[in-house]
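To start, the structure under review is shown below, and the notes come after it.
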Amino acid sequence: MLQKRTSQNGVRIVFEHIPHVRSVAVGVWVDVGSRHEKPEENGLTHFIEHMLFKGTATRTARQIAEEFDRIGGYVNAFTSKEQTCYYAKVLDHHAKHAISVLADMFFHSEFDELEIDKERQVVVEEILMVEDTPDDDVHEQLWNVMYPNQSIGASILGTKSSLETFDKDSIHQFMDHHYRPDHIVISVAGNIQEGYIDYIDSLFGQFKSSSKLAERDSMSIPIFSPGESLKSRETEQGHICLGYPGLSVKDKHIYDLVVMNNILGGNMSSRLFQEVREEKALAYSIYSYHSSSEDSGSVEIYGGTSNNQLQKLQDTIFETIQKVVDEGVTDTEVNNAKEQLKGNLMLGLESTNARMSRNGKNELIFKKHKTYDEVLQSIDEVHIHQVQKLVTEIFANKPAVSIITPKKDNPL
């Protein structure tokens, strides 16, 4: 059963005791992502995530890594558009040690200027890695097209020029403003031993925000924009990514959207997979997915193929979409998609890390939690008419388009 405790300073601890496993997954979730950055701060949230692993007053970066290797666990972190998470998974009897190291990183990171300079170059290499991976880069370009001059459309990694401005002072100022008790959730799932939640409370329940800092400004709702990005580079394949406006994660029809996406391109039996790959052999990789934030969302479609087939691939994607709009989805497709979603949900219950992530994200976004039975009920309530209504509404919009082609020629 999921439980919740709120510390005296506002930090929330959500925990799910699973006695039949031998692991504990724990995550420190912060309600800040790249969309909270000002233009001059682009990439700073992600850079701070990196810097928390670079050494504290009592541990070097190497010692942080060695401590988790020594106990057979792992530690990692990620930055998204709206959240940052530092997490670990260990055997249950090492859980206290894991959260103590995470707390040390969280509160006592040194942000040494030499380490900042070194990590700056590491992130530059990460940016170059994305640019060298066209099936990643095409998605980055799409977000710039969908949300031009908006923080949600900017790269999570930042740019080479923005990285040059980051220093110890800018890191502290950003953390003081965003790493506040009321923005933090500690999520735990696994075989939680007696006294563990009290221990977490003792580590995270005491710190306070700077009283001199005002609350951050409320975010404006992103404005979707159709448009096109065309990029040529050294690559063997052409890559195309289409974007359409979708739904926010809080929208009452979000499960209808999830079902719609599964039918369109979310699995091997989907319309796009069957038409593009199985029938016409145009691509190895073809899929759709949806990205939902607190106040907006988008539906994306990706395909990669040889350059001489890129135009045919694009035409086939549009034809497949139009067929779904004109002829509609079937009861069988809707029922199959619902069963797959329910299966994925229940199979995910076998992972303590998946439960920790689900609970942490739900607490940050909703501040409440549906039971698994309630989620299953919401999926069961999806109706074919609402799915078809979404298909018609979403694909009536002109898409944003991102294309990467080999330099040798451009067929589009």
Side-chain angles (χ1 to χ4, degrees), residues 22-30 32-34 43-80 83-130 132-133 156-158 160 162-176 178-179 184 186-188 190 193 196 199-200 202-204 206-207 352-353 356-357 360:
R22 290 299 310 274
S23 67
V24 169
V26 56
V28 181
W29 291 77
V30 189
V32 62
S34 59
L44 186 52
T45 313
H46 172 259
F47 191 73
I48 290 170
E49 174 224 305
H50 274 234
M51 287 305 304
L52 259 64
F53 287 83
K54 302 306 292 182
T56 70
T58 57
R59 292 179 172 93
T60 64
R62 183 186 183 95
Q63 287 171 330
I64 291 171
E66 286 177 343
E67 291 205 32
F68 282 93
D69 290 343
R70 179 171 54 82
I71 61 177
Y74 64 81
V75 62
N76 210 331
F78 67 83
T79 303
S80 69
Q83 294 105 25
T84 307
C85 180
Y86 306 88
Y87 63 93
K89 184 173 182 179
V90 294
L91 295 174
D92 49 15
H93 57 281
H94 292 309
K96 275 193 174 183
H97 185 66
I99 192 62
S100 70
V101 178
L102 286 173
D104 188 29
M105 294 162 54
F106 198 81
F107 294 115
H108 305 124
S109 285
E110 292 276 81
F111 304 120
D112 179 79
E113 292 291 354
L114 179 61
E115 293 295 335
I116 289 174
D117 288 337
K118 287 163 60 178
E119 203 59 27
R120 203 189 323 271
Q121 185 56 41
V122 170
V123 178
V124 168
E125 294 299 328
E126 189 175 358
I127 293 171
L128 294 174
M129 181 179 70
V130 171
D132 268 352
T133 312
I156 293 172
L157 303 182
K160 295 175 189 176
S162 65
L163 284 168
E164 289 298 324
T165 67
F166 301 159
D167 56 21
K168 190 170 184 175
D169 288 341
S170 62
I171 289 172
H172 278 301
Q173 184 176 356
F174 189 87
M175 291 187 72
D176 286 344
H178 295 284
Y179 279 51
I184 294 167
I186 316 295
S187 180
V188 187
Q193 299 183 351
Y196 187 58
Y199 183 63
I200 294 175
S202 71
L203 294 173
F204 287 87
Q206 308 301 320
F207 84 102
T352 54
N353 202 59
M356 179 277 293
S357 295

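These figures come from a predicted structure and were not determined experimentally.
Taking 4.5 Å as the limit, every side-chain heavy atom of I48 sits out of range of all side-chain heavy atoms of T84. Contact check for H93 versus R22: side-chain heavy atoms found under the 4.5 Å cut-off. Residues E113 and K168 form a side-chain contact, since some pair of their non-hydrogen atoms from C-beta on lies under 4.5 Å apart. Annotation: side chain of I116 is in contact with side chain of I171 (closest heavy-atom distance under 4.5 Å). Side-chain contact between T58 and H108 is absent, with no heavy-atom pair separated by less than 4.5 Å. Looking at heavy atoms from C-beta onward, M129 lies out of side-chain contact with D132 at the 4.5 angstrom threshold. Between E126 and H46, the closest side-chain pair of non-hydrogen atoms falls below 4.5 Å. With contacts defined as side-chain heavy-atom distances shorter than 4.5 Å, the pair F106/L203 does not qualify.
Judged as a ring pair (Phe, Tyr, Trp, His ring centres under 6.0 Å), and not counting sequence neighbours, F53 has no contacts. Applying the side chain to side chain contact (heavy atoms under 4.5 Å, CB included) criterion to E67, with sequence neighbours excluded, gives R59, R70, H97, V101.
D117 contributes atom CG, which lies 11.5 Å from atom CG of L163 (distance to the nearest 0.5 angstrom). A distance of 3.5 Å separates NZ in K89 from OG1 in T352, rounded to the nearest 0.5 Å. Distance check: D169 CG to F174 CZ gives 15.0 Å after rounding to the nearest 0.5 Å. Here W29 contributes atom CH2 and M356 contributes atom CE; the two are 6.0 Å apart, rounded to the nearest 0.5 Å. To the nearest 0.5 Å, atoms OH (Y179) and CZ (F107) are separated by 11.5 Å. Rounded to the nearest 0.5 Å, atoms CE (M51) and CZ (R120) are 9.5 Å apart.
Distance alone, capped at 3.5 Å, places no donor-acceptor pair between the S187 side chain and the G27 backbone. Between the side chain of Y196 and the main chain of A95, a donor-acceptor pair closer than 3.5 Å is present. Not a single donor-acceptor pair under 3.5 Å links the side chain of S170 to the backbone N or O of F166.
Nearest heavy-atom pair, I186 versus I200, reported as atom, atom and distance to 0.1 Å: CG2-CG2, 3.9 Å. Of all non-hydrogen atoms in A57 and E110, the two that sit nearest each other are N-CG, 3.7 Å.
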Check residues 73-80 and write down every donor-acceptor pair under 3.5 Å in which the side-chain atom is one partner and the other belongs to a residue at least two apart or another chain.
unit_1 : atom_1 : unit_2 : atom_2 : d
T79    : OG1    : E49    : OE1    : 2.6
S80    : OG     : E82    : N      : 3.3
S80    : OG     : Q83    : N      : 3.0
S80    : OG     : Q83    : O      : 3.1

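For the side-chain contact (heavy atoms from CB on, under 4.5 Å) test with M175, the passing option among V30, T45, L52 is L52; the others fail.
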